[in-house]
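Let me begin by presenting the structure, written as structure tokens, before commenting on it.
It should be emphasised that the depicted structure is a prediction, and the values quoted were computed from it without experimental measurement. Within every chain, numbering begins at 1; the chains are lettered A, B, ... in the order of the sequence lines, protein sequences first and strands thereafter.
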Protein chains: 4
Amino acid sequence: MKSTTHRGNRHGRSEEARQAVLEAADDLLAERGFAGVTIEGIAARAGVAKQTIYRWWPSKVDVLLEAFTEDMAEHLTPQDTGDLGTDIRAHLATLAEFLTTSDPGAVFRALTGQAQHDPQLAARLRDDHLSHQRDRDRLPLQRAIERGELPAGLDVETALDHLVGPIYYRVLVTGAPVPRTFTDDLAAAFLHRHQHQ
Amino acid sequence: MKSTTHRGNRHGRSEEARQAVLEAADDLLAERGFAGVTIEGIAARAGVAKQTIYRWWPSKVDVLLEAFTEDMAEHLTPQDTGDLGTDIRAHLATLAEFLTTSDPGAVFRALTGQAQHDPQLAARLRDDHLSHQRDRDRLPLQRAIERGELPAGLDVETALDHLVGPIYYRVLVTGAPVPRTFTDDLAAAFLHRHQHQ
Amino acid sequence: MKSTTHRGNRHGRSEEARQAVLEAADDLLAERGFAGVTIEGIAARAGVAKQTIYRWWPSKVDVLLEAFTEDMAEHLTPQDTGDLGTDIRAHLATLAEFLTTSDPGAVFRALTGQAQHDPQLAARLRDDHLSHQRDRDRLPLQRAIERGELPAGLDVETALDHLVGPIYYRVLVTGAPVPRTFTDDLAAAFLHRHQHQ
Amino acid sequence: MKSTTHRGNRHGRSEEARQAVLEAADDLLAERGFAGVTIEGIAARAGVAKQTIYRWWPSKVDVLLEAFTEDMAEHLTPQDTGDLGTDIRAHLATLAEFLTTSDPGAVFRALTGQAQHDPQLAARLRDDHLSHQRDRDRLPLQRAIERGELPAGLDVETALDHLVGPIYYRVLVTGAPVPRTFTDDLAAAFLHRHQHQ
DNA sequence: TGTTAAACGAGACGGTACGTCGAGTCTTGGA
DNA sequence: TCCAAGACTCGACGTACCGTCTCGTTTAACA
């Protein structure tokens, strides 16, 4: 029945199988949508036994979560040009691009959708992923505060919600496009309100 | 309350069955979450045959949509005090309350979640429900423009996104609470940028 | 005068599906042995859903039991020549032939084998099938008693065990062939001990 | 100067593991029936790795066979009182007792059941085990022949089938009890037919 | 007396089949 | 014509074992 190389044993799992599963899940999501991602489908496409998936992931969303984890950070770490306006305009545009057009952005939308039905997933999504993204989102503002471009007493959390909230809203609710003009305008509103001078 | 016209059926559609189905779906969503809502479960609880559900609704989300429709408008129609600040502060607070605590708010979150997996549902949700809500959201701004409180050239759509986007973001993504201070601050940011003097 | 509400199966089960299942099970047993008979295999070969099998039969042995039922009686009803020796010699030879060479004989051996692992199956096999065969086995002796060829006080059950037991023993345990000489000798031993004169 | 050839195993197999496996298999059969005997279950209960079982036994029936081997001979070796009637009455009663009530009797029934599905097992069961039992069963008759109690030309094999067949038949097929009266009657029938005077 | 090769426990792996759930379709008989 | 009932095919679920394949860890015969 099989003659492939076995990598897993008591001292560790098969990295080969792990990667195959994550890629298969990603591919299926892209090709057939969330409902098209099934454990059986992942197993078949990855050339892996169902039990191997169940051994390491409690459910299909956990597979997607793990597949997602590896992609997010690299895409969405803001640059540091030394100018607040430049930094946040660039970062918001990158965020919009990520959410609307990238493959991991699609995974994010699917997971966020599923999180509406599943509070445990919602919590894990926030704790393991979104909080780190918030940390990255915060960087330009913190650097501007250190440079004196923004007041030290700024409520950074609320400011972040104002900056990125409308982008997520368009992506998740209205489905409207999120062009550069929209993200630039968000940045402008923020700067108009908070920036010294 | 029927939305379809009756033909000359001998008996017509059973209003009794229709109501039983809608209530069963609502109850199941509240008790067991979205995954606990199944056609078989609705049928069993409503004392109705599966075929009767399939005859009138294409899928379980359509049942929820119909159950949802009747609740939204009454909750979220903004008042008109003649003062822009008062109106939008009140409306944003009401919206936050609706989304976070009400039963139809829970249905909204579930449907929006499912819409991330299902573009057709997303489109129907927008066309049949969210667009009407956007119309209501727009009213305070339009009245202020007519009164001269806001400039005639204001980009109302973008302004609305800035106003309500952060609320939806907290509800759907971060799960953070949406207190009155948050909604008032949103209103303040908007007024600071756009209001004449 | 109609009865009041009738709640039950309005449609009845599919005779077509039933026959297909029974035939598929029989074929699989013949082709691949007992271990080759699986619910999935039956379903696939019969062109039937697994659920349909589970709806009507608790397990694969029940399918085989039902398939078996229809075959046994016709093969093993003893003749009545009016002479005890002739009757039992013929009947024992027929029984040996049935058990060792016929298709339903193979099903019998498989079911009897499985019954060693499953007391419930053993009970059902006895109650639904073997008891009827015992009734048929008993006929020649009873007729001989009525004719006066055998004493009225004969312990028929024990006599039957002596007559057929060695045949089953060879079939199920030693695997030795059961030639006509063997069955004739069984009959001779019986007649030598019990027959008048 | 020793030969430099070194063959094989320096360590030898673990008798401890072997015993643990055999006992675990026996226990599982007694507690949960044949279907409850699995390689994984044996390994877990014996505190042994699956591979250790596969190294020494081709299948679970081989484990049971080996467990069975050690028990049969001691239970079923007939005594020698010098009187045929006494010997076979005692032996048949002991055989019935063994088959119906003892633990190794249960193993025998399970293996015989499985042998109906597996011709290779059937052959091994006969060659390795049943033939030796037949040898023991034959002893009382052979001694009687030597003593002149039975005719020298007696067909011993057929006589044995007549003697023990009905006992196995009750055990494996009808499930009827096998009381002392039944075994004594079997002995009586045999003696009536064959014994000199 | 240290080397070394087997047997060992542990357990991950690709698989098959299990028995269950729900989806969506179809047919019947009663109202 | 609508409806309750429910049998049907289909696909996926999550579980239990199968038999194979490494891993390090004993351990006893040999060097």
For a salt bridge (charged side-chain N to carboxylate O under 4.0 Å, His left out) with B/Arg45, tell me which candidate from B/Glu40, B/Glu23, B/Glu31 qualifies.
B/Glu31
Are side-chain heavy atoms of C/Asp62 and C/Arg124 found at a separation under 4.5 Å?
yes
Going by heavy atoms in the side chains, are D/Ile42 and D/Leu28 under 4.5 Å from each other?
yes
Length of the [atom1]-[atom2] vector between [X] and [N], whole Å:
| X | N | atom1 | atom2 | result |
| --- | --- | --- | --- | --- |
| D/Arg13 | E/dG9 | CZ | P | 12 Å |
| C/Ile53 | F/dC10 | CD1 | C1' | 13 Å |
| D/Tyr54 | E/dC13 | OH | C1' | 14 Å |
| C/Asp62 | E/dG19 | CG | P | 11 Å |

Given F/dC8, E/dT25, F/dA4, identify the nucleotide with an atom nearest to the side chain of C/Thr52.
F/dC8
Residue A/Ala49, side-chain heavy atoms: nucleotide from F/dG14, F/dC8, E/dG14 that is nearest
E/dG14
Would you call the rings of C/Phe68 and C/Phe108 parallel, tilted or perpendicular, taking 30° and 60° as the class edges?
tilted
To the nearest 10 degrees, how far apart in direction are the end axes of the helix from E/dT1-F/dA31 to E/dA31-F/dT1, each fit to five base pairs?
10°
Taking 4.0 Å as the cut-off, does a side-chain nitrogen or oxygen of A/Arg55 come that near to OP1 or OP2 on E/dC13?
yes
Phosphate OP1/OP2 of F/dG6: any C/Trp56 side-chain N/O under 4.0 Å
no
Within residues 31-48 of chain C, those residues having any heavy atom closer than 4.0 Å to DNA chain F are C/Gly47, C/Val48
Does C/Lys50 make a side-chain donor-acceptor contact with the base of E/dG19, cut-off 3.5 Å?
yes
Does D/Gln51 contact E/dC8 through a side-chain donor or acceptor facing the base, at a distance under 3.5 Å?
no
Positions of residues 19-28 of chain D (non-hydrogen atom under 4.0 Å from DNA chain E), listed by number:
none
